[in-house]
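For reference, the structure discussed in these notes is given below.
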Amino acid sequence: MTDQWTLNRLNFAGDWQGRGAWFGRDAAGRLDLASPNRVIDPTRYRISFPDDDNGRWDGSGLMFAKGGHASYAISRASYNAGGGCWQFQGAGGQSSLSLDPQRPRFGHEINLFSGRSRSMLVLLWEWTDSHWCLHTVGAVAFRCRQSMEMEQVRPVPDSAAALLEPLRGWRGTAEQLRPQQGTDGRVRLLGSTTFAPEQLLRSSCSAVMPDGLVFSVPEELPGGAFQLEIGGLLSAELFQQISIQVDADGRLITWERRRFQNSLGRSS
């Protein structure tokens, strides 16, 4: 099976540009997921690989980098040294592996791909007043500038339920990856599955985001085990779901990817 570095190259190689919408808390401390408090347009990631083992990552319009720009070399030898990177075919990102108040952010970047479109969601919790509170959510609708045809930005439905209910009964497959440093981690096929909205909408904080993205997560992380659910309706025929599982000790134990296709009247 394909190793993690190769999947990283297959997923991320490109000249990605899009509008970044960032949501956060208002002056009263309420989380506002309807109106972004910052828009960065364009956000651009140029990720190139001159050979099978080396590459270059160059980003501008970045939310957290000094001056909004960062650039660095990447390589098979150094990839995933901390164990928090994860890749499936057509989905990938990076995650904090544990809840640690000495590191005041618990964050996840999720990227879902469809052809030369890339939908990115960022979720950041911060350690505040002795609890973990969802502080920042970012969504970017990337399109690859190297593509001959660029997909238009997808509409945002009124609610998570409005996005998900029409997908009920779609069939798909489930895969799993466990954290492991380096490139040797292998995706394991779990089997077939059928989509039900309530399986994703398991937490009180649920919202739709730009570019067909949706998530359901705890706004305040509990003391026991929990699960983060993120999805994306990437076309009329394709929905991807990422589940991030954290155990009772606050350690990330698995990423799972479910890939559903419409089998209820349109071709799959």
Side-chain angles (χ1 to χ4, degrees), residues 23-25 28-33 80 82-88 91-112 120-139 159-161 163-164 172-181 185-191 193-209 213-232 239-260:
F23 304 81
R25 295 190 174 271
R30 293 183 294 262
L31 184 63
D32 182 356
L33 296 174
N80 196 27
C85 296
W86 55 273
Q87 304 289 338
F88 298 88
Q94 54 187 326
S95 294
S96 297
L97 292 178
S98 64
L99 294 171
D100 181 359
Q102 301 304 313
R103 297 180 178 180
R105 282 182 177 167
F106 179 71
H108 302 268
E109 178 193 309
I110 300 96
N111 296 272
L112 303 176
M120 184 180 82
L121 183 73
V122 175
L123 299 166
L124 292 174
W125 285 260
E126 291 193 0
W127 180 251
T128 305
D129 297 329
S130 300
H131 67 279
W132 291 98
C133 185
L134 183 61
H135 189 271
T136 303
V137 177
S159 66
L163 175 71
L164 298 175
T173 55
E175 300 169 296
Q176 183 185 81
L177 178 69
R178 295 186 180 276
Q180 178 179 331
Q181 291 182 349
R186 294 296 191 270
V187 173
R188 182 168 71 95
L189 181 64
L190 298 179
T193 185
T194 301
F195 183 74
E198 54 271 19
Q199 185 268 335
L200 188 149
L201 297 175
R202 62 174 65 235
S203 295
S204 58
C205 183
S206 300
V208 289
M209 289 281 113
L213 291 164
V214 60
F215 66 86
S216 185
V217 301
E219 186 171 343
E220 293 187 8
L221 298 181
F226 62 90
Q227 195 158 310
L228 311 178
E229 299 290 351
I230 302 95
F239 181 79
Q240 288 202 62
Q241 179 180 348
I242 300 296
S243 302
I244 300 173
Q245 299 178 359
V246 178
D247 68 14
D249 295 321
R251 296 174 300 191
L252 194 155
I253 53 174
T254 63
W255 299 276
E256 292 184 0
R257 191 274 292 268
R258 292 171 179 81
R259 188 177 189 276
F260 298 95

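What you see below is based on every heavy atom in this structure, not just the backbone, and it leaves out hydrogens, waters and symmetry mates.
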Would Ser96 and Arg105 satisfy side-chain hydrogen bond (donor to acceptor under 3.5 Å, both in side chains), going step by step from the backbone distance to the final call? CA-CA 8 Å; Ser96 297; Arg105 282 182 177 167; over 6 Å; no
Can you check whether Leu134's main-chain N or O pairs, donor with acceptor, with Arg25's side chain at less than 3.5 Å? yes
Side chain Trp125, main chain Leu99, donor-acceptor under 3.5 Å: no
If I take atom CG from residue Leu228 and atom CG from residue Leu252, how far apart are they, to the nearest 0.5 angstrom? 8.0 Å
Give me the atom names and distance for the closest heavy-atom approach of Gln87 to Leu177. N-CD2, 3.9 Å
Closest non-hydrogen contact found for Trp132 with Pro104 is CZ3-O, 3.6 Å
Which of parallel (below 30°), tilted (30 to 60°) and perpendicular (above 60°) describes Phe239 and Phe260? tilted
Drop me the distance from Trp86's CH2 to Ile244's CD1, to the nearest 0.5 angstrom. 6.0 Å
If you look at every heavy atom in Ala160 and Val214, which pair is closest and at what distance? CB-CG2, 3.7 Å
With rounding to the nearest 0.5 Å, note down the distance linking NE2 in His108 to CD in Gln94. 11.0 Å
Quick one: does any side-chain atom of Ser216 pair with a main-chain N or O of Ser203 as donor and acceptor, under 3.5 Å? yes
Taking Asn111 for its side chain and Gly93 for its backbone only, find out whether a donor-acceptor pair lies under 3.5 Å. no
Arg178 CZ to Arg188 CZ distance, which is reported to the nearest 0.5 Å: 6.5 Å
Of all heavy-atom pairs linking Leu213 and Leu163, the shortest is O-CD2, 4.5 Å
A side-chain contact here means heavy atoms from C-beta on lying under 4.5 Å apart; do Ile230 and Leu123 qualify? yes
Polar side-chain atom of Asp249 near backbone of Arg251 as donor-acceptor pair, under 3.5 Å: no
Can a donor-acceptor pair be found between the side chains of Gln245 and Thr254 at a distance below 3.5 Å? yes
Phe195 and Gln241: which non-hydrogen atoms are nearest, and at how many Å? CE1-OE1, 3.7 Å
To check you understand the geometry: which heavy-atom pair defines the closest contact between Phe215 and Val137, and what is its length? CE2-CG1, 3.9 Å
Which residues share a salt bridge (Lys or Arg N to Asp or Glu O under 4.0 Å) with Asp32, sequence neighbours left out: none
Measuring from atom CD of Glu109 to atom OG of Ser95, what distance do you get when rounded to the nearest 0.5 angstrom? 9.0 Å
CG-CE distance between Leu33 and Met209, expressed to the nearest 0.5 angstrom: 5.0 Å
Where at least one partner belongs to residues 92-103, residue pairs that pass salt bridge (charged side-chain N to carboxylate O under 4.0 Å, His left out), sequence neighbours excluded: none
Side chains of Ile242 and Leu112: does their closest heavy-atom pair fall under 4.5 Å? yes
